[in-house]
Structure formats: structure tokens, C-alpha cells
**Student:** 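The structure follows.
Residue numbers start from 1 in every chain, and the chains themselves are labelled A, B, ... in the order their sequence lines are given, proteins ahead of strands. Worth knowing before you read on, the calculation uses all heavy atoms, side chains too, and leaves out hydrogens, waters and symmetry mates.
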Amino acid sequence: MARTPLIDPVLADLDVRLRAALVAAGLPEADPDLEKPKQADHGDWATTVALRLAGPARRKPREIAQLVVDHLDVPEVVAEVSIAGPGFVNVRFAHRYHEDLVRRVLTEGTRYGHSQVPATERRHVNVEFVSANPTGPLHVGAGRWAATGDAIAELLSATGHQVTREYYVNDAGEQIRLFGESLVLVATGGELTEEHYRGHAIVEVAEQLRATHGQELFAVQPEDDGEAGRAARVGVLGVEAMRQRIQDGLHAMGVDFDVWFSEREGLHETGAIEATIAELTERGEAYEAEGALFLRTAEHGDDKDRVLRRSDGRPTYFAADCAYLRDKWSRADQLYYLLGADHHGYVDRLKAAAACLGVPPERVEIRIGQLVNLLRGGEPVRMSKRAGETIDLDEVLEEVGSDVVRYHFLRQGLDTTVDFDLAVVAAQSMENPVYYVQYAHARIASVLRNADERGFDPGEGDDADLSLLTHPAELALLTAMAGLPLVVAEAAELRATQRLARYAEELAGTFHRFYTECRILAPASGDADAPGAEVAEDPALGRARYHLAVAAKQVLANALALLRVSAPERM
RNA sequence: GCCCCCGUAGCUCAGUGGAUAGAGCACCGGCCUCCGGAGCCGGAAGCGUAGGUUCGAUUCCUACCGGGGGUGCCA
């Protein structure tokens with residue numbers, strides 16, 4: 001199990017003290033493993049170390065817990081240490097901890113929630129995602145990979161890793177010739193067969209090419225050396241045009257890649273594929289059989305050996321995969337692949353390829369996401385590329401907006417199949433959880449505007465008497481706000497965007513409850529019985545709540561920023 | 001056949017060894033002379049089945065049942 005990252009200095013200190021207590025009590029060494037209790041009244045943090053030591057120490061858990069507590073050098077920020085249940089050691093912070101937190105959030109601003117993994121775990125992570133074939137527009141399902149890959153990249157970056165967002169463009173091989181042939185047929189009024197690409201985007205790209213290069217582009221040229229050459233020539237241009245459309249569409253969603261890696265330019269034309277095959281052969285990982293060249297992937301966990309070079313001498317697509325992996329490894333030290341479930345068969349061979357190339361398997365991380373069911377009013381929408389019936393990501397983005405699309409995908413784990421119902425997402429969009437979170441942010445912004453208009457003087461955050469924040473709703477909000485750094489660290493570690501999304505929802509809810517129960521600005525009426533009169537009576541309380549709200553707004557904004565969802569001032 | 005994913009509230013999903021399993025939607029009942037009711041409070045409702053590991057299992061293992069996807073010298 002991954003240890004809870006002790007990125008919070010207070011927790012790190014507590015961790016050290018707990019370890020010291022174990023030693024002082026003559027108990028076996030163990031990881032204190034601090035965790036957050038589900039129940040708020042169990043305290044701020046808890047450790048199960050006594051439960052886990054019961055076996056090795058051959059004593060009752062509660063006795064061990066008592067020993068730990070007796071030997072613990074309790075730090076100043078801890079108000080109370082108690083033993084509960086079968087042997088939990090619960091820790092409750094002093095109020096000062098919460099006061100410090102508000103100041104910390106205000107000081108760190110947009111950086112609050114970010115952290116640094118230990119230097120030994122810091123990586124340059126190449127995050128490859130989407131990588132859909134540039135032979136057609138992106139469909140809605142690709143939005144899931146776009147949103148997820150982008151947020152993962154953001155999380156990794158926020159935890160101290162260096163990140164490269166990369167899109168692999170499959171712009172080589174048979175499909176490009178076929179794509180070019182499709183364009184030629186569309187442009188010259190020829191008849192498309194079953195195997196050809198079609199759809200409105202193909203027509204548009206054909207028209208675009210005609211507008212740029214003229215109709216003669218689609219005629220066989222002397223240098224084409226026949227119709228296949230013409231198809232390839234047109235295909236290269238068409239693919240680039242389609243790729244640009246994809247790039248623009250992703251940009252509209254706020255997803256921008258650092259590297260658009262062309263298979264043709266980066267692997268075929270540079271000779272990288274041949275070089276990779278040569279290296280694999282040199283390493284003794286390849287062998288000839290039946291006229292073809294095989295890679296010994298079966299020795300590294302794959303079902304069977306895979307062909308690198310066909311008997312006719314052409315390298316396989318898999319050979320390009322190997323070359324690409326090798327190229328990425330020369331530019332990064334951790335490779336993250338985000339693939340759809342339709343590619344799960346690639347996992348073993350890709351990891352085997354890495355092993356054959358001498359890349360440590362743990363540095364090649366392949367995540368499989370389940371596919372997206374596109375529905376309209378509960379009825380499945382066919383996503384057949386051939387018939388051109390796909391629903392483009394662009395259309396959906398235009399209809400419901402990037403925030404809704406991104407959040408819808410990010411709040412669910414990768415291994416659940418996501419239903420994307422256009423009717424639900426578009427028509428009932430006000431019920432989308434993303435609005436719940438954004439509303440909390442906009443609501444705070446609204447209060448701050450009102451305060452400004454009324455000439456409310458909040459003073460400096462440092463001067464505010466934050467010790468006045470003792471209402472249960474205030475304490476709950478403070479506790480929730482304190483959670484962001486750990487949530488970010490865990491979400492990054494687990495590559496689990498839904499952790500952060502659910503946290504944001506929880507935080508928003510905590511704020512809404514605070515807002516309902518605790519008035520920030522005194523009511524305009526001055527009525528002593530009006531709700532919020534306590535604020536009018538104690539202006540210092542109003543100032544403290546004001547700074548709490550500012551800090552809460554910051555935390556919400558930071559959580560949304562990591563998901564790359566907007567945090568609006570107004571809705 | 002083999003491989004992967006899923007099965008938690010009526011529905012959509014959180015919860016990757018700990019205490020009383022959480023949200024949203026839907027349903028029932030409350031809350032605006034007051035900072036945004038896109039909100040808040042309360043109610044009813046659940047871990048597919050059977051074993052195993054463990055002090056402790058929704059979580060890990062095995063089998064079974066149910067649903068989804070994959071399985072090419074295609075690209």
C-alpha cells in the first residue's frame with residue numbers, strides 16, 4: 001500500500017513523534033499511517049498503528065494504544081489525543097491549527113494544494129493521451145481521454161513532476177493511403193466503397209484541400225508513380241488538415257499538447273524504426289521465423305511473440321510502437337499511456353516491448369479507461385465511423401460547454417463505463433454537479449462584491465481575529481479546506497481524477513452549509529432580530545468570516561484549476 | 001476458448017484492509033421581510049452469491065451468477 005504522503009508539515013511532525021513513541025514504549029517499528037477519520041467527532045486525524053501492532057507485539061490493541069499515548073510527545077498544535085473503539089488513537093488539533101491554515105491559504109494563493117514529491121520520486125513524465133487516428137474528427141468518447149489525460153498531467157505537475165503532454169499522430173501506413181483515396185474519390189465525385197472513410201469532415205477536408213491547392217491536386221501527377229502514389233500524397237496533406245482540426249477542437253476544450261508526434265516524420269523518415277529493430281536484434285530479443293522477424297515478447301509477459309517485420313520486409317505497426325516507446329524514453333523517465341479499453345490487448349505487448357528495450361517495466365505505466373456510451377434520452381447512439389453517424393466532440397462542446405464535458409468525465413473513475421447522455425447533459429445541465437461546485441465559488445465572489453460595494457473594510461488577513469471562527473459550520477469548512485494538499489497528492493499518485501472532483505463537491509457543500517448558517521455581512525436592516533445580527537454586533541467576527549470565505553474561494557478555485565474547469569465569478 | 005473491466009440506495013456513481021458504507025438525481029416533509037433557493041435541514045432506501053486470508057473485508061484471493069469490452073504477419 002502506498003503510504004499517505006506526509007506533505008503537511010504538521011502531519012510529518014506528528015509522524016515522527018508517533019514513531020518515537022513506539023520506540024520509547026518498546027514496541028516494534030511500524031508506520032503510523034495517519035488517516036482521516038470518517039466521522040468528524042473522531043477527531044482530525046487517527047492512526048491504526050495499535051491495531052496493526054497487536055499481532056506482532058502480542059498484546060491487546062487498546063493496551064498498545066495506551067502505551068503510544070503515554071509515550072507520545074504531544075506537539076503544541078494538538079489539543080487532544082484519545083483512544084477509541086478497538087484501539088484507534090485519535091488526534092484533535094487546537095484551534096490555532098485552523099487559524100494558521102487560513103493564513104497559509106491566503107499566503108500561498110494559487111499554489112495552495114500543490115506539493116513536491118521527494119526528489120527520488122520526481123520524474124519527467126511523458127503523458128500520452130487521445131492519440132486518435134487523424135482520419136476523422138474526434139468523437140465524444142475522445143473527450144474522456146482529453147479531459148482525463150489533461151487533468152492527470154496537471155496533477156503530476158502540481159506534485160512536483162515535470163510533464164510533457166503528447167499526442168501520437170498515426171500518419172503513416174496503409175490507412176493514410178486509404179484516407180487519401182477517400183479524399184480523391186470525394187473530390188472527384190467517385191464512388192466510395194465500404195472500406196473508405198466518409199462523413200462530413202472528409203468532405204470538408206477535401207474542399208479545404210481543393211481551396212488551397214486547386215483541383216489538380218487530386219489528379220495523378222508524374223511523380224506519383226500511379227494511383228497509389230497519388231492517394232499517399234493526398235493522404236499526407238489530408239491527414240495534416242484533419243490533425244489540425246483535431247488540435248483546434250482540443251484547444252477549444254482547453255487541452256493543448258506540448259508535442260504532436262508524427263509517426264511518419266518522427267519514426268519512418270528518421271529511420272528510427274530500423275534503428276529500433278536493429279537494437280532489439282542486437283539485444284538478442286528478436287529472431288527470424290517463417291520469413292518474418294519476431295520479438296520475444298512472450299518471455300516478458302505477453303501471450304505470444306509479436307512480429308516486428310513481415311515476411312515481405314515491411315515493419316509492422318508494432319515495430320513503430322517499439323520505436324516510439326524508445327523515442328519517448330530518450331526524452332522522459334516515466335511513460336504514461338492512457339488507452340481506451342478497446343486497446344487493452346496492447347498492454348502486455350507494450351510492456352514486453354519496454355522490457356526488450358531495457359526500459360524498467362515500472363516506468364511504463366499503461367492505464368486502460370473503459371469506453372463511453374453515448375446516449376440520447378436513454379437510447380444508445382450508434383458510433384459507426386463508416387456511416388459517418390458519429391457525434392463529434394466539437395458539436396458537444398459547442399452545445400454544453402467544456403466545463404460540463406470535462407467534469408462529467410473527471411468525476412468518475414477510469415474503470416467504470418461512462419454514460420454520456422446528450423439529453424441529460426444538455427437539457428438538465430443545471431443538475432450537473434459541476435454547477436454545484438462552481439456555484440459555491442460564484443456565491444463567495446458575490447458576497448465579496450457586496451462587501452466591496454458596501455464599503456466593508458475586512459482589514460488584512462493577518463490581523464483578523466480568526467479565533468472567533470468556532471461555529472461547527474466554520475470548523476467543518478476549515479477542516480475541509482485543510483484537505484486539499486493531501487487529496488491532490490493522492491489523486492496524482494493514484495492517477496484518480498475523481499478523488500479531486502469529489503473533494504471539490506464536498507468542499508462546496510461544506511461552504512454552502514457555512515453560508516446558510518453563518519452570516520458574513522451584517523444585514524442591511526440593522527434589525528437586532530434579523531439573521532446575522534451577531535455579525536453586526538461583533539464586526540471582528542464578520543472580518544474573520546470574510547477572510548475564511550476568501551480562503552475557501554481560493555481552495556475551490558485551486559481544485560477546479562487542477563481539473564481545468566473554470567471557476568466563475570458570476571453564473 | 002483466453003484476457004480485461006464492472007456489479008454498492010429505485011437510478012447515476014464515490015469509497016484500493018479499519019470505527020455508524022457516502023453524494024447527486026428521483027420520492028416524502030420542512031427553511032427566504034436577511035450576503036445568490038443553481039442553496040440549506042430532516043426522512044425513507046444499499047455492498048450480486050458462496051467460500052477463503054485477516055484481530056478486522058465493500059476493499060485482497062478463489063469459484064459461481066449477471067452486464068460490458070477485447071482477442072489479426074489490420075492500420
**Student:** Using the P atom in both, what is the distance from B:C61 to B:A21, to the nearest Å?
**Tutor:** 24 Å

**Student:** Report yes if the ring of A:His343 lies under 5.5 Å from the six-membered base ring of B:G70 with planes under 30°, and no otherwise.
**Tutor:**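 According to the criterion (under 5.5 Å, under 30°), no, A:His343 does not stack.
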
**Student:** A:Phe318 near the nucleic acid: base, sugar-phosphate alone, or nothing, with a heavy-atom cut-off under 4.0 Å?
**Tutor:**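 Nothing, no heavy atom under 4.0 Å.
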
**Student:** Verify the contact: side-chain N or O of A:Arg499 to OP1 or OP2 of B:U16, cut-off strictly under 4.0 Å; return yes or no.
**Tutor:** yes

**Student:** Could you say whether A:Phe514 or A:Gly345 is positioned toward the 5' end of RNA chain B, judged by the nucleotide with the nearest heavy atom to each?
**Tutor:**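 So the residue in question is A:Phe514.
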
**Student:** Looking for any heavy atom pair under 4.0 Å, which part of the strands does A:His512 touch: base, sugar-phosphate only, or nothing?
**Tutor:** sugar-phosphate

**Student:** Contact class for A:Gly413 (heavy atom, under 4.0 Å): base, sugar-phosphate, or nothing?
**Tutor:** sugar-phosphate

**Student:** Does the ring of A:Phe88 lie flat against the base of B:A19, closer than 5.5 Å centre to centre with planes under 30°?
**Tutor:** yes

**Student:** Between B:G22 and B:C31, how far apart are the P atoms? Round to whole Å, please.
**Tutor:** 28 Å

**Student:** If you measure from the C1' atom in B:G7 to the same atom in B:A14, how many Å do you get, rounded?
**Tutor:** 15 Å

**Student:** Quick one: label A:Arg177 by what it contacts on the DNA or RNA (base, sugar-phosphate, nothing), any heavy atom closer than 4.0 Å.
**Tutor:**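 Counting heavy atoms under 4.0 Å across all strands, no contact is made by A:Arg177.
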
**Student:** Let's test your reading of the model: under 3.5 Å, does the base of B:C73 pair with the side chain of A:Glu290 as donor and acceptor?
**Tutor:**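 Flag set: donor-acceptor pair detected.
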
**Student:** Counting any heavy atom closer than 4.0 Å, what does A:Ala440 reach on the DNA or RNA strands: base, sugar-phosphate only, or nothing?
**Tutor:**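 Nothing, no nucleic acid heavy atom in range.
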
**Student:** If we take the C1' atom in both B:A57 and B:C47, what is their distance in whole Å?
**Tutor:** 11 Å

**Student:** Using a heavy-atom cut-off of 4.0 Å across all strands, would you classify A:Ala292 as base, sugar-phosphate, or nothing?
**Tutor:** base

**Student:** Looking for any heavy atom pair under 4.0 Å, which part of the strands does A:Ala84 touch: base, sugar-phosphate only, or nothing?
**Tutor:** base

**Student:** Please work out which of the three classes, parallel, tilted or perpendicular, describes the rings of A:Phe511 and A:Tyr515, given edges at 30° and 60°.
**Tutor:** tilted

**Student:** 5'-most contact on RNA chain B: A:Pro86 or A:Val307, nearest heavy atom basis?
**Tutor:** A:Pro86

**Student:** Under a 3.5 Å cut-off for both contacts, is B:G7 paired Watson-Crick or G-U wobble with anything, and if yes, with which nucleotide?
**Tutor:**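 B:G7 is paired with B:C65.
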
**Student:** Between the protein and nucleotides 4-9 of chain B, which nitrogen or oxygen pairs come in under 3.5 angstrom?
**Tutor:**
unit_1 : atom_1 : unit_2   : atom_2 : d
B:C4   : O4'    : A:His344 : NE2    : 3.3
B:C5   : O4'    : A:Gln370 : NE2    : 3.3
B:C5   : O2'    : A:Asp415 : O      : 2.6
B:C6   : OP1    : A:Asp415 : OD2    : 3.2

**Student:** Checking all strands, does A:Arg314 fall into the base, sugar-phosphate, or nothing category for heavy-atom contacts under 4.0 angstrom?
**Tutor:**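 Sugar-phosphate contact only - A:Arg314 comes under 4.0 Å of backbone atoms but never of a base.
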
**Student:** Please report the closest heavy-atom contact between A:Ile277 and A:Arg309, naming both atoms and the distance.
**Tutor:** CG2-NH2, 3.6 Å

**Student:** Is any NZ, NE, NH1 or NH2 atom of the basic residue among A:Glu365 and A:Lys351 found under 4.0 Å from an Asp or Glu carboxylate oxygen of the other?
**Tutor:**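 The answer is no: the pair does not qualify as a salt bridge.
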
**Student:** OP1, OP2 of B:G36 versus side-chain N and O of A:Ser446: anything below 4.0 Å?
**Tutor:** yes

**Student:** Mind telling me if B:C5 is syn or anti? Syn here is a glycosidic angle within 90° of 0.
**Tutor:**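 Anti for B:C5; the angle lies over 90° from 0.
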
**Student:** Contact class for A:Asn170 vs. all strands (heavy atom < 4.0 Å): base, sugar-phosphate, or nothing?
**Tutor:**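 Nothing, no heavy atom under 4.0 Å.
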
**Student:** When the P atoms of B:C55 and B:G67 are compared, how many Å lie between them, rounded to an integer?
**Tutor:**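 Straight-line distance between the two P atoms is 38 Å.
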
**Student:** How would you label the contact of A:Asn90 with the nucleic acid (heavy atoms, under 4.0 Å): base, sugar-phosphate, or nothing?
**Tutor:**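 Touches a base.
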
**Student:** By the 4.0 Å heavy-atom rule, please label A:Lys60 as base, sugar-phosphate, or nothing.
**Tutor:**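 It contacts nothing in the nucleic acid.
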
**Student:** OP1 or OP2 of B:U16 sitting under 4.0 Å from any side-chain N/O of A:Arg495?
**Tutor:** no

**Student:** If I pick the C1' atom on B:U54 and the same atom on B:G18, what distance separates them, to the nearest angstrom?
**Tutor:**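 It works out to 12 Å between them.
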
**Student:** On a heavy-atom basis, which atom in A:Arg502 and which in A:Arg411 lie closest, and how many Å separate them?
**Tutor:**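 Where A:Arg502 meets A:Arg411 most closely, the heavy atoms are NH2-O, 2.9 Å.
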
**Student:** Can you check whether any acceptor in the base of B:A38 is under 3.5 Å from a donor in the side chain of A:Asn432, or vice versa?
**Tutor:**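 No such pair is found, so the answer is no.
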
**Student:** If you look at every heavy atom in A:Asp171 and A:Arg264, which pair is closest and at what distance?
**Tutor:**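 It is OD1-N, 2.7 Å.
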
**Student:** Think A:Gln39 has a side-chain N or O under 4.0 angstrom from the OP1 or OP2 of B:A21?
**Tutor:** no

**Student:** Should the side chain of A:Tyr346 and the base of B:C74 be counted as holding a donor-acceptor pair, with the cut-off at 3.5 Å?
**Tutor:**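 Yes, a donor-acceptor pair under 3.5 Å.
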
**Student:** Applying the ring pair (Phe, Tyr, Trp, His ring centres under 6.0 Å) test to A:Tyr167, which of A:Trp260, A:Tyr324, A:Trp145, A:Phe261 qualifies?
**Tutor:**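 Among A:Trp260, A:Tyr324, A:Trp145, A:Phe261, the one meeting ring pair (Phe, Tyr, Trp, His ring centres under 6.0 Å) with A:Tyr167 is A:Trp260.
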
